[in-house]
Amino acid sequence: MAAGKSGITPRSEDYSSWYNDVIKQAGLSDHSPVRGCMVIKPYGYAIWERVQSVLDGMIKATGHQNAYFPLFIPMSFLTREAEHVEGFAKECAVVTHHRLKAGGEGEAAVVVDPAAELEEPLIVRPTSETIMYSVFADWIESWRDLPLLINQWANVVRWEMRTRPFLRTAEFLWQEGHTAHETLEEAEAEVRKMLDVYATLAEDYMAMPVIKGRKTEAERFAGALHTYCIEALMQDGKALQAGTSHNLGQNFAKAFNVSFTGREGKVEYAWQTSWGVSTRLIGALIMTHSDDNGLVLPPKLAPIEVVVIPIYKSDEDRDLVLGASAELARACEGKIRLHIDDRDQFRPGHKFFEWEKKGVPIRLELGPRDLKENKVVLARRDTGEKSPVSRDGLLEHLVGLLGEIQANLFQRALEFREQSTRRASNYDEFKQILKEHRGLVQAHFSLDPEWEERIKNETKATVRCLPIDAELPAGAQCIFSGAEAKSDALFAIAY
RNA sequence: CGGGGCGUAGCUCAGCCUGGUUAGAGUGCCUGCUUUGGGAGCAGGAAGUCGGAGGUUCGAAUCCUCUCGCCCCGACCA
């Protein structure tokens with residue numbers, strides 16, 4: 001590994017190693033004894049808790065309530081919606097027994113007790129549509145029970161062949177919203193509303209620009225009418241699906257008998273939606289902002305926004321500096337998440353590197369020299385700039401600067417995405433762009449599934465989405481087939 | 001499932017080809033002293049089923065067989 005003393009491989013050398021190194025050096029996660037599953041360490045989990053706190057507020061502000069449904073789903077439930085089972089069957093963990101017993105001779109210490117086989121196997125939820133809607137069917141009787149707006153924070157399991165920390169793990173944490181409505185229009189409005197919530201989370205909090213769009217038939221959620229998503233572009237030119245919002249139509253309602261008596265006294269099936277974002281967002285965060293020195297966090301999601309490094313030689317200086325640090329901490333309470341690194345066993349330089357790798361947006365160095373001049377030395381993580389700042393009005397300065405850093409990160413990411421977005425006017429050009437730059441490629445597309453498949457096989461690029469706000473010129477032709485273009489499509493090689 | 005790589009101290013690895021003292025280094029950890037504005041220095045100390053099982057041998061981290069696991073690249077992936 002060419003990672004050097006920082007322990008971080010430069011991005012230019014190997015992006016994949018860089019990603020793993022950043023996670024390791026920032027202390028976000030660890031490998032676990034279980035294949036494909038990660039341990040989320042306290043610092044990584046603190047970032048997730050920031051995401052949760054922000055998003056949970058937005059979910060509740062849009063009228064949803066949190067609830068919790070079982071981890072286990074009777075296997076037969078999965079099969080009730082034909083497309084759904086097809087989409088998930090290949091990655092389900094299955095529980096078949098409920099008891100172990102002492103092993104016999106030549107066996108392990110404990111073995112599965114064959115007498116304890118379940119009558120019906122349970123699957124560990126890969127997503128909760130089926131278990132939830134079987135219960136929704138009981139909850140919903142009248143049009144007056146609608147809309148039903150439920151969210152749950154949970155873990156799910158998808159037995160993926162190949163995993164990467166945060167981006168794709170066999171078990172991951174997420175929220176899944178599940179709603180039922182009286183009409184298709186209401187369901188559609190819900191789906192779009194939550195897509196907007198996700199876009200706000202991504203852009204205003206993660207400082208990650210996203211494109212809102214619709215998935216093609218091939219890419220949509222198994223069992224949905226159609227799927228909306230937010231797509232983000234990572235630094236290496238690959239796209240990442242950062243959140244999805246599905247209009248399920250009446251597909252699940254029919255399978256689980258989620259019906260109600262309507263205003264005219266007729267029994268109708270509910271129109272449903274589901275939407276989710278996961279711990280994958282942390283992967284997105286890493287690959288949007290971080291650099292060769294480690295993690296870079298947007299202030300709004302940083303567990304620690306400002307870290308204070310006290311510097312001292314004598315005990316007397318130590319008391320003064322720590323006193324001044326504590327005073328600053330009191331002033332910041334409730335306004336800025338500030339941490340004083342008063343560990344005695346490390347020297348300042350060591351701490352600088354450590355917090356840099358952890359992506360803390362602002363570092364303050366506070367020593368006797370500064371106290372004498374009524375200053376602190378302030379270092380920005382996003383630009384690396386380091387300069388003295390007066391201690392008068394410091395709180396206001398910090399608040400302002402955190403806002404500036406937040407805005408700068410978004411702007412930087414937006415510029416990168418714009419530079420990395422190109423329009424192809426024919427297939428050769430399309431292939432050339434992907435080969436030379438990767439990034440996002442816009443193209444007028446007929447939406448022909450055969451072409452979609454062929455493009456994927458030949459270039460590895462998939463339709464990331466059909467952007468909601470894209471305009472299609474009248475009479476536009478598909479750049480691949482020459483047929484009439486049905487939509488402007490955004491292609492990319494994706495994670 | 002295919003291709004490649006790797007399992008030796010908490011971590012990173014050397015030692016293996018060519019079997020032979022008491023299995024090593026760096027880092028981390030513990031203790032003490034000195035230090036503290038970009039990864040501190042010195043001294044002392046603790047730390048290991050050499051992934052597992054079997055075999056060859058007087059003797060195995062090293063050779064052979066089997067096995068388990070991990071990582072990377074593919075295939076796969078709401």
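We name chains A, B, ... by the order of the sequence lines, and we start the count at 1 in each one.
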- Message: Below 30° counts as parallel, above 60° as perpendicular, anything between as tilted: where do the rings of A/Trp355 and A/His339 land?
- Response: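 Rings of A/Trp355 and A/His339: tilted, 30 to 60°.
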- B/G38 base stacked by A/Phe352? Criteria: ring centres under 5.5 Å, plane angle under 30°.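 No; by the centre-distance and plane-angle rule, A/Phe352 does not count as stacking on B/G38.
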- Task: Among A/Arg381, A/Arg363, A/Lys351, find the one that has a salt bridge (Lys or Arg N to Asp or Glu O under 4.0 Å) with A/Glu356.
- Result: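 By the salt bridge (Lys or Arg N to Asp or Glu O under 4.0 Å) criterion, A/Glu356 pairs with just one of A/Arg381, A/Arg363, A/Lys351: A/Arg363.
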Atom [atom1] of [X] and atom [atom2] of [N]: how far apart are they, to the nearest Å?
X	N	atom1	atom2	answer
A/His31	B/G10	NE2	C1'	15 Å
A/Tyr495	B/G74	OH	P	10 Å
A/Leu320	B/U36	CG	P	17 Å
A/Ile311	B/G38	CD1	C1'	10 Å

- When the ring centroid of A/Phe252 is compared with that of A/Phe136, is the distance short of 6.0 Å?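 No - the distance between ring centres of A/Phe252 and A/Phe136 does not fall below the 6.0 Å cut-off.
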Sugar-phosphate, base or nothing in reach of [X], heavy atoms under 4.0 Å:
X	result
A/Pro126	nothing
A/Arg363	base
A/Glu219	nothing
A/Val156	nothing
A/Gly87	nothing
A/Trp159	nothing
A/Thr227	nothing
A/Lys215	nothing
A/Asp370	base

Closest to the [X] side chain: [options]?
X	options	answer
A/Arg168	B/U36, B/G37, B/C77	B/C77
A/His350	B/U36, B/C77, B/A40	B/A40
A/Lys90	B/C77, B/G39, B/U36	B/C77
A/Lys460	B/C11, B/A75, B/C77	B/A75
A/Met161	B/C76, B/C72, B/C71	B/C76
A/Glu365	B/A75, B/A40, B/G37	B/G37
A/Tyr312	B/C77, B/C72, B/U36	B/U36
A/Glu91	B/G38, B/C77, B/G37	B/C77

- Query: Hey, is the side chain of A/Arg347 poking within less than 4.0 Å of OP1 or OP2 on B/G37, counting only N and O atoms?
  - Reply: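 Checking B/G37 against A/Arg347, a side-chain N or O does come within under 4.0 Å of OP1 or OP2.
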- Item | Test: A/Arg80 and A/Glu129 ion pair at under 4.0 Å |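 Result for this pair is no, no salt bridge flagged.
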- Message: Determine whether A/Ile150 and A/Met132 satisfy the following criterion, side-chain contact (heavy atoms from CB on, under 4.5 Å), listing intermediate values before the conclusion.
- Response: CA-CA 10 Å; A/Ile150 298 294; A/Met132 282 183 148; 4.2 Å; yes
